[in-house]
Amino acid sequence: MRPKDSRSYAAAIVAAGLLATAPSRLSAQASQTAPKSSENEECRGNGCAASPDAPVAESDAGAPAKPYDWKASFKEYKVGKVPRLADGHPDMQGIWSRTTLVPMERPRNQDKKEIDAATAAKLENEAQQKQFDLRTEPTDTPPGEKTTDAYNTFWRDGYWFKVPMSSLRTSQVVDPPNGRLPPLTLAARVRQNRAAELDNRRATSYEDRPMSSRCIQRPGTPGPAFNGSGPGGQESTLEIIQGTDTVLVRGESLVSQVIYMDARPRPPADVHLQLGSARGHWEGDTLIVEYTNFTGADGGRRHLTARYKLLDANHLLFGYTSDDPGARTKPFSVEFVMWKLTDQEQLVEYACHEGNVGLEFTLSAARAKDREEAADEGK
């Protein structure tokens with residue numbers, strides 16, 4: 001949900017006239033150091049933060065000059081005072097936001113790995129202004145009627161707070177070095193086209209509606225793996241709870257993942273789990289999580305390594321390396337910084353089914369159209 005008091009890497013939120021009724025405590029908690037993002041519009045919105053298996057424009061990712069070294073890459077992030085648990089490990093517990101202006105892929109007209117702080121601040125202001133504009137400016141609706149965008153913007157990330165440049169990098173993708181995702185495999189493109197066909201045709205049943213429309217699973221939550229989400233997003237928070245033998249990662253919507261830390265054996269190879277089988281261990285102050293046993297035709301070959309490193313009390317570096325032969329032509333790695341919602345004590349209930357009139361309307365409208373066409377044919 002939206003933070004009421006977010007301390008940020010960069011600055012406090014602009015209290016514009018549109019926010020006259022908003023609490024003055026609202027501030028951009030996350031933007032102290034800005035990530036590398038570009039000055040153009042490519043991949044700056046919520047769509048940039050696609051999950052690893054989501055449709056992505058064809059990439060021109062080339063072979064990396066040298067193997068990705070996560071330890072060297074993580075050392076580039078400044079580390080401050082880190083709170084610790086009684087066992088000495090970093091205390092990552094709390095509620096974290098995945099919102100960031102760092103795009104998933106580096107824009108094609110950007111050849112730098114980082115931007116400067118002034119550019120980052122400018123991008124933060126522009127991104128929030130766009131959310132203000134969506135709330136007040138008409139789009140393709142009849143005169144006098146509010147737009148769907150205008151309504152939804154009020155509830156989405158980037159209106160009540162600035163989505164931060166949580167680092168100065170120009171892409172979340174750090175490997176390949178050009179910041180671009182490897183191309184989708186042919187099989188993945190077939191699945192993508194099939195999903196688009198089902199989504200765009202007239203609904204025949206609830207079963208051909210996307211999982212999100214059916215309140216079963218939202219894209220990217222609760223992972224694995226997580227990507228940063230830009231302005232206009234939602235369900236972008238997660239909670240981390242650390243125990244002796246487990247670490248629990250709770251997404252804002254629907255599902256949680258359990259990371260076992262007790263060196264227990266993995267399930268047999270023929271057991272496949274929606275979120276995979278997670279086994280974690282510490283390497284210094286970095287939590288390493290290895291995922292296997294995924295579902296899907298190629299789930300047995302998919303391997304994911306996630307990494308969590310606390311930078312200070314309010315900033316958490318997250319990275320992962322995805323090796324999924326059924327989805328991408330080569331492995332790739334991602335890094336971005338999450339920020340803590342210091343004033344939020346628990347995740348807000350995700351009541352999706354309780355108000356899911358969208359699915360009802362989609363199906364009833366399709367049946368009404370069927371009846372209308374049948375009547376026309378009978379004339």
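Atoms considered below: every heavy atom in the structure, side chains included; atoms not considered: hydrogens, waters and symmetry mates.
Under the 3.5 Å distance criterion, the side-chain polar atoms of S213 are left unmatched by any main-chain donor or acceptor of L359. No donor-acceptor distance shorter than 3.5 angstrom exists from the side chain of H272 to the backbone of N293, with no hydrogens or angles considered. Put simply, the side chain of S73 never gets that close to the backbone of D69: no donor and acceptor are under 3.5 Å apart. Between the side chain of T246 and the backbone N or O of G243 there is no donor-acceptor pair closer than 3.5 Å. Although no hydrogens or angles enter the test, the distance criterion places no donor-acceptor pair under 3.5 Å between the side chain of E335 and the main chain of Q172. Of the possible polar contacts, none joining the S205 side chain to the D208 backbone as a donor-acceptor pair under 3.5 Å is found. Checking side-chain atoms of N193 against main-chain N and O of R189 turns up a donor-acceptor pair under 3.5 Å.
Taking a cutoff of 4.0 Å between a charged side-chain nitrogen and a carboxylate oxygen, E105 and R180 qualify as a salt bridge. One finds no salt bridge joining K369 and E373 here, because no Lys/Arg side-chain nitrogen approaches an Asp/Glu carboxylate oxygen to under 4.0 Å. Under 4.0 Å is where a charged nitrogen must lie from a carboxylate oxygen, and between R202 and D370 at least one such pair does. Ion pairing between E207 and R214 fails under the 4.0 Å rule for side-chain N and carboxylate O.
Between E239 and the options Q346, Q93, R250, a side-chain hydrogen bond (donor to acceptor under 3.5 Å, both in side chains) holds for only R250.
F226 does not carry R98 over the face of its six-membered ring by the limits of under 6.0 Å from the centre and within 45° of the normal. Note that R264 lies in the cation-pi zone of Y260, set by a 6.0 Å cut-off to the ring centre and a 45° limit from the axis.
Counting only N and O atoms by type, the side chains of Q242 and H89 include no donor and acceptor under 3.5 Å apart. A donor atom on one side chain and an acceptor atom on the other are not found under 3.5 Å apart for Y206 and E360. A donor and an acceptor atom, one from each side chain of D116 and T119, are located under 3.5 Å apart. Checked by atom type, the side-chain pair T292/R279 shows no donor-acceptor distance below 3.5 Å. No hydrogens or angles considered: nothing links the side chains of S236 and E252 as a donor-acceptor pair under 3.5 Å. For the residue pair Y308/D285, the side-chain donor-acceptor check at 3.5 Å is not satisfied.
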Check your understanding: Given V334 and V174, is the side-chain contact (heavy atoms from CB on, under 4.5 Å) satisfied, shown in steps?
Key -> CA-CA 5 Å; V334 165; V174 293; 5.9 Å; no
Point to revise | side-chain contact (heavy atoms from CB on, under 4.5 Å) assessment of Y291 paired with I259 | key: CA-CA 9 Å; Y291 293 87; I259 302 168; 4.0 Å; yes
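The shortest side-chain heavy-atom distance between Y320 and W70 does not fall under the 4.5 Å cut-off. The side-chain heavy atoms of K112 and R106, taken from C-beta on, include no pair separated by under 4.5 Å.
Residues F161 and W339 bring their aromatic ring centres within 6.0 Å.
Under a hydrophobic clustering in which Ile, Leu, Val, Met, Phe, Trp and Tyr are joined whenever their side-chain heavy atoms come within less than 4.5 Å, directly or via other members, F318 and I241 fall into different clusters.
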